[in-house]
Amino acid sequence: MFTSYIAVGDSFTEGVGDELPDGRTRGWADFVALGLAIAAGRDGEDVRYANLAIRGRKLSPLIEEQLPPAIAQHPQLISLNGGGNDIMRPRVSIDGVATQLVDAAKRVTAEGIHLLLLSGANPSAHLPMGGLVRRRGNELADAVRGHLPLENVTFVDNWADETLWGLRYWSPDRLHLNPLGHARVASNVLTAFGVPVPAEWGVEEVAAAPPGERSRRTADYYRRYVLPWIGRRLTGRSSGDGRAAKIAELTVVDPTAASPL
C-alpha cells in the first residue's frame, strides 16, 4: 500500500476532460489517490498526493520540469506518462521517446521510489488523421513494452484497453477522456496494485452497457477544437503556457471531500 504519491505528465495526467463545476480538473490520478486513501483509511492511515502534470507538455520539458521536484519530495510512488504530444507533431523519433521514458523510470527507481509507468488511452478512432495517431501510438507502445519488465516499475497498458476505445469514454474534443474514461484508467491502475476499486464509480457497469453513438465530426467540432489546436502549433504556443501544477506539494487526501462521479 502506497501512502504518498506524486503524478507527473501532461493533460492526460492533469485530468483535462474531467472538469469539475468549480473549474478544477480531476482526472485518473486524482481517482487513484482517492482509491489509495479509501483503502488506507481502513487501516487508520492517511495518503498524501501531489500532481505536477501540465497540459500540452512534450516529453523532454515534462521530465526536466516535473521529475526533479517530484523526486525531491521522495514519495513512495511516482506515476509517469508522456509522449502523447510528441507523436502528434510532424516529426518524432519513437525510439527516442521510449528511451526517454525508460531512462526517467530508472532515475525514479534509483532513488528507491516505485514507478508507475502507464500509457494513455487510444483516441484514434475518433480523431481526424486518426490512422497516423494509431500507427505512431502502436509503435510507441511496442517500443516501451520492449524495455519491460523493469525492477520496481509497474506498467499499466491503457493503450491496449479496447473498452476505452468507445466514444462513451471521451470528452467532446475526442482527444481527452471524460470523467468515465478517467475513472476507467484509475480502475486499471488500482487493479494493477491490488487495491479495491470503489463500487460507487460504476466502472464495470459502464463497461457492460450497450455501445453508444458513433463518433461524428461536424463543422462545429472543427471550429471549436481542431482549428485552435492547429493555430497553437503554427504559432508555437501550448495549451499549458502560463499554467502551474495544480497540487505542487504532497497534500493529505480527504476521501469525504471527493466530488461525485
When you compare the side chain of [Y] with that of [X], does any pair of heavy atoms fall below 4.5 Å?
X	Y	result
W28	N188	no
N51	I6	no
T109	L150	no
L115	T154	no
L118	F12	yes
V253	D46	no
S79	Y5	yes

Would you say the side-chain atoms of [X] pair up with the backbone N or O of [Y], donor to acceptor, closer than 3.5 Å?
X	Y	value
Q73	L250	yes
D22	R24	yes
R174	W170	no
H126	W165	yes
R168	A209	yes

Would [X] end up clustered with [Y] when hydrophobic side chains under 4.5 Å apart are linked, directly or stepwise?
X	Y	answer
L167	V16	no
V32	M1	yes
V97	L148	yes
V197	L177	yes

Side chains of [Y] and [X]: any donor to acceptor distance under 3.5 Å?
X	Y	result
D95	S93	no
N158	S119	no
D18	N178	no
Q100	S60	yes
N138	W159	yes
T251	Y49	no
S11	R55	no

(request) Kindly indicate, with the supporting measurements, whether the criterion side chain to side chain contact (heavy atoms under 4.5 Å, CB included) is fulfilled by L80 and V108. (result) CA-CA 10 Å; L80 171 63; V108 171; over 6 Å; no

Under a 4.0 Å N-O cut-off, is there an ion pair linking [X] with [Y]?
X	Y	value
R48	E249	no
R57	E65	yes
R135	E139	yes
D30	K246	yes
R145	D157	yes
D103	K106	no

(message) Taking atom CD as the centre, does E151 end up with more than 12 heavy-atom neighbours from other residues, nucleotides or ligands that are less than 6.0 angstrom away?
(response)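 No, not enclosed.
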
Would you compute the distance between atom [atom1] of [X] and atom [atom2] of [Y] and round it to the nearest 0.5 angstrom?
X	Y	atom1	atom2	value
L77	L116	CG	CG	6.0 Å
T13	I54	OG1	CD1	12.0 Å
I113	Q76	CD1	CD	10.0 Å
I94	L140	CD1	CG	5.5 Å
S4	I78	OG	CD1	9.0 Å
L62	D10	CG	CG	6.0 Å

(request) Give the minimum heavy-atom separation between V195 and A39, together with the two atoms involved. (result)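 Heavy atoms only, the tightest pair is CG1-CB, 3.9 Å.
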
(request) Provide the closest heavy-atom pair for P198 versus I38 in the form atom of the first, atom of the second, distance. (result)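 P198 and I38 have their closest heavy atoms at CG-CD1, 3.9 Å.
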
(request) Check the angle between the aromatic planes of H114 and F2 and answer parallel, tilted or perpendicular using the 30° and 60° thresholds. (result)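 Geometry flag for F2 against H114: tilted rings.
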
(request) In sequence, state the C-alpha distance, the side-chain angles, and the governing distance for L175 and M88, and then conclude on side chain to side chain contact (heavy atoms under 4.5 Å, CB included). (result) CA-CA 11 Å; L175 181 61; M88 297 185 71; 4.0 Å; yes

